[in-house]
Amino acid sequence: MSKTILEGLNPQQKEAILHNGGPLLILAGAGSGKTRVITHKFAYLAKKLSPNSILALTFTNKAADEMKARIAALTKKDLRNSWIGTFHSQCNKILRKEIGVLGYNRDFSIYDEDDQCNLIRHILKEFKIYEALYKGILSRISSLKSASITPEEFLSKGDGFGFEDRLARVYIRYQDELKRCNAVDLDDLIMLTTKIFEEHPDILKKYQQRFQYILIDEFQDTNTAQYKLIKLLASSHKNICVVGDDDQSIYGFRGANINNILNFEKDFPTAKVIKLEQNYRSTQNILHVSGCIIKNNPKRKAKTLWSERKGGEKVLQCWFGTEEEEAKYIAKLIKGLYLKGMYDYNDFAILYRINLQSRVLEDTLRHEGLPYRIVGGVSFYHRKEIKDIIAYMRLALNRDDNVSLRRIINCPPRGIGDSTLSKLEQEAKKKSISLFAAIKNVIKSGGVTSSAREKLEGFLSIIDKISSGKYKDAADMLSKIYTKTGYSEFINDERAENVQELIASAEGKDIKEFVDRVSLITSVDDVDNSNAISLMTLHSAKGLEFPVVFIAGVEEGVLPYFKAKGTEEIAEERRLLYVGMTRAKDLLWLTGAKRRKLYAKVQEQEPSRFLNDIPEESCQKIEKILKDTPYTAARKQRIKTFKPAAAYSVGARVRHPKWGIGVVRDCYGEGDDQKITVNFPEIGIKRLALKFANLERIR
DNA sequence: ATGCGCGACCTTTTT
DNA sequence: GGTCGCGCAT
């Protein structure tokens with residue numbers, strides 16, 4: 001057992017896994033096999049401990065799912081009751097049990113950013129603060145919460161005058177309103193859990209005993225509130241292992257506190273520190289150049305990544321007249337490399353700092369007939385029609401949820417306008433009751449015109465019908481909502497399709513679990529394996545890797561973005577570039593344009609200051625468009641590093657459970673990391689991990 | 001209740 | 001350049 005767990009690992013990785021109890025900080029450089037170490041460490045721990053007594057926290061659902069799948073494959077243990085998940089989902093789990101002590105009801109709603117905005121705007125109207133400020137105010141409140149500062153603390157810090165004081169009052173009111181709605185926002189999931197632990201030592205003790213070991217992934221992304229929470233949980237046994245890379249901290253603007261990683265050793269003086277510096281992804285050259293850039297950051301835990309893939313192609317720098325030329329050249333290069341058979345479309349990624357850069361790139365790729373996909377972007381669950389339908393569901397489960405009620409009381413339109421609504425608001429305020437209860441009161445007391453009363457009765461009976469109905473699953477409930485509310489007649493075809501998709505995704509799911517999932521998920525985990533070039537922001541690229549990476553717009557004002565002024569902000573921009581560069585396995589291009597259209601005006605652009613840190617000899621600068629694409633070294637590199645494994649030979653036929661029969665195009669890697677590339681007719685070329693692919697060899 | 005014109009504003013965004 | 005929100009007009 002422990003043989004398989006430690007097989008194929010380097011000494012540092014082994015040390016990290018075998019380290020016995022006590023605080024451990026694993027500084028895992030880009031591409032150093034971090035996920036592997038975490039999952040194997042979990043498996044190792046699970047030999048002695050029940051898997052359900054290990055708390056393993058990630059930041060994304062995707063990372064959590066992947067971790068679960070890999071641990072399940074490794075340990076063959078039942079993980080249905082495990083505590084592997086995101087910070088938010090695991091806190092939600094705790095709150096659903098314990099929130100009673102704070103005076104909330106267990107059926108609380110979870111508000112996302114959209115709901116938060118609605119609530120803040122509602123409050124600002126009442127406070128007579130210019131409503132357009134809501135975004136700024138919400139972000140201030142959110143950063144207070146992520147820094148674990150309560151409304152009362154913030155108010156007591158202020159001088160009692162001016163904007164800060166008013167902000168404090170809005171914050172207090174906001175928190176009150178949430179409670180009145182029996183709702184928590186995403187920051188509350190962390191903050192309220194912490195609050196319970198602080199105020200109820202017995203509850204804290206229960207969870208301290210339950211979690212014998214704590215594992216945290218992407219530790220550089222934790223905010224102060226999250227760190228406070230895990231310090232509480234780890235304080236008795238100090239069996240805590242955090243894994244992260246300070247050089248990849250790029251979410252400071254969302255409250256992530258890089259000092260958490262820098263201070264871990266101070267907070268846990270007996271902490272062992274292990275550095276994972278062997279990179280299994282990029283060529284030595286790419287690592288060298290990205291290392292030259294990141295080493296200029298102040299306050300970092302120095303790491304020197306190295307790779308067995310010695311040498312490699314030089315990093316290519318290219319400077320163009322305009323962003324159109326930049327895009328065109330990138331497209332031509334991709335086409336050239338593709339036609340030479342070196343790479344597939346999904347081997348390429350084009351990364352950029354700001355979303356608006358994607359437009360020219362998209363236009364050009366389309367024009368050149370190259371397939372692409374945008375990664376990230378607007379979330380499915382953020383769409384109006386989806387949020388509306390979910391709001392009905394939420395209101396049926398939690399009648400105090402005023403935000404959801406306001407959202408749907410007149411959607412689809414049923415003639416309940418502002419005047420009726422403000423009567424309801426008044427009544428609710430006067431009697432300190434929810435809007436839903438206010439509707440009942442107003443109907444009884446005859447506080448509205450008879451036509452308004454009829455309409456309110458109609459709305460009431462819809463909600464009553466929804467909440468008294470018996471449903472076999474979440475899909476059943478959603479589809480009844482969709483028809484009974486009149487929503488289905490109200491929307492256009494495209495939106496109707498989205499609703500159908502939502503209903504389909506709820507098939508067989510428990511209603512409450514489904515609502516939670518929707519609130520805690522951002523994007524649909526669509527497994528888009530289509531053979532296409534990936535376009536995304538540098539932020540979205542974190543955690544991914546591609547054989548060929550282009551970083552576009554490496555210019556002053558774009559990267560670093562012009563709004564980044566202070567040293568820490570510049571340092572974060574530098575890390576952003578570093579994250580982008582370390583995504584590349586074989587080839588890396590840094591491009592820029594002399595003139596770029598930004599927000600309707602053409603700007604003269606200078607090369608990014610970060611480029612000055614790149615040593616001449618590791619870089620190739622190209623001023624004009626070349627006829628030949630430089631790829632020979634990369635090809636040699638590939639052949640050397642990826643020796644064909646014996647498992648499948650190129651040209652062999654295999655069957656995949658989902659995609660049918662295909663032809664093996666490539667097979668490489670060793671041990672658990674064996675990868676296979678298969679061309680499935682109709683579906684296209686897929687790159688698969690041999691271990692999980694479930695392939696069947698056929699003759 | 002809806003439609004339109006005007007002005008302000010622009011990042012990144014795991015949950 | 002394009003979006004979003006507001007206020008005013010119907």
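Letters A, B, ... are given to chains in the order of the sequence lines, protein chains preceding strands, and every chain is numbered from 1.
Counting any heavy atom pair closer than 4.0 Å across all strands shown, A:R359 reaches sugar-phosphate atoms only and no base atom. As judged by a 4.0 angstrom heavy-atom cut-off over every strand, A:R575 is placed among residues making no nucleic acid contact. Note on A:Y111: nothing from the nucleic acid sits closer than 4.0 angstrom, heavy atoms only.
For A:N410 and B:dA1, the CG to P distance is 6 Å, given to the nearest whole Å. Regarding A:F562, its CZ atom lies at a distance of 13 Å from the P atom of B:dC9, rounded to whole Å.
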* Structure fact -> Annotated structure of DNA chain C as dot-bracket, pair cut-off 3.5 Å, Watson-Crick or G-U only, | for inter-strand, is ||||||||||

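A salt bridge is defined here as a Lys NZ or Arg NE, NH1 or NH2 lying under 4.0 Å from an Asp or Glu carboxylate O, and A:R394 with A:D115 meets this definition. Between A:R281 and A:E545 there is a salt bridge, since a side-chain N of the basic residue sits under 4.0 Å from a carboxylate O of the acidic one. Ion pair A:E604/A:K594 not flagged as a salt bridge, since none of the NZ, NE, NH1 or NH2 atoms sits closer than 4.0 Å to an Asp/Glu carboxylate oxygen. Salt bridge A:E568/A:R575: present, at least one basic N to carboxylate O contact under 4.0 Å. Between A:K301 and A:D245 no salt bridge is recorded (no basic side-chain N to carboxylate O distance below 4.0 Å). At a threshold of 4.0 Å, the pair A:D363-A:R366 counts as salt-bridged, since one of the basic side-chain nitrogens sits closer than that to a carboxylate oxygen.
Of the candidates A:E573, A:E555, A:E556, A:E572, A:R353 forms a salt bridge (Lys or Arg N to Asp or Glu O under 4.0 Å) with just one, namely A:E573.
Here the straight-line distance linking atom CD1 of A:I190 with atom CD of A:Q90 works out to 10.5 Å at 0.5 Å rounding.
A donor-acceptor contact shorter than 3.5 Å is absent between the side chain of A:S404 and the backbone of A:D401.
Between the side chains of A:Y207 and A:E98, at least one donor-acceptor pair of N or O atoms lies under 3.5 Å.
For DNA chain C, the contact window with chain A, defined by any atom under 4.0 Å from a protein heavy atom, covers C:dG1 to C:dC6 in 5' to 3' order.
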Just the atom pairs and distances: protein N or O near nucleotides 11-14 of chain B's N or O, under 3.5 Å.
from: B:dT11; atom 1: OP1; to: A:Y599; atom 2: OH; distance (Å): 3.4
from: B:dT11; atom 1: O4'; to: A:Y561; atom 2: OH; distance (Å): 3.4
from: B:dT12; atom 1: OP1; to: A:N355; atom 2: N; distance (Å): 2.8
from: B:dT12; atom 1: OP1; to: A:N355; atom 2: ND2; distance (Å): 3.0
from: B:dT12; atom 1: O4'; to: A:R353; atom 2: NH2; distance (Å): 3.2
from: B:dT12; atom 1: O2; to: A:R353; atom 2: NH2; distance (Å): 2.4
from: B:dT13; atom 1: OP1; to: A:T537; atom 2: OG1; distance (Å): 2.6
from: B:dT13; atom 1: OP1; to: A:S540; atom 2: OG; distance (Å): 3.2
from: B:dT13; atom 1: OP2; to: A:N355; atom 2: ND2; distance (Å): 3.4
from: B:dT13; atom 1: O2; to: A:R254; atom 2: NE; distance (Å): 2.5
from: B:dT14; atom 1: N3; to: A:D221; atom 2: OD2; distance (Å): 3.4

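Relative orientation of the A:F550 and A:W589 rings is parallel, given thresholds of 30° and 60° on the angle between their planes.
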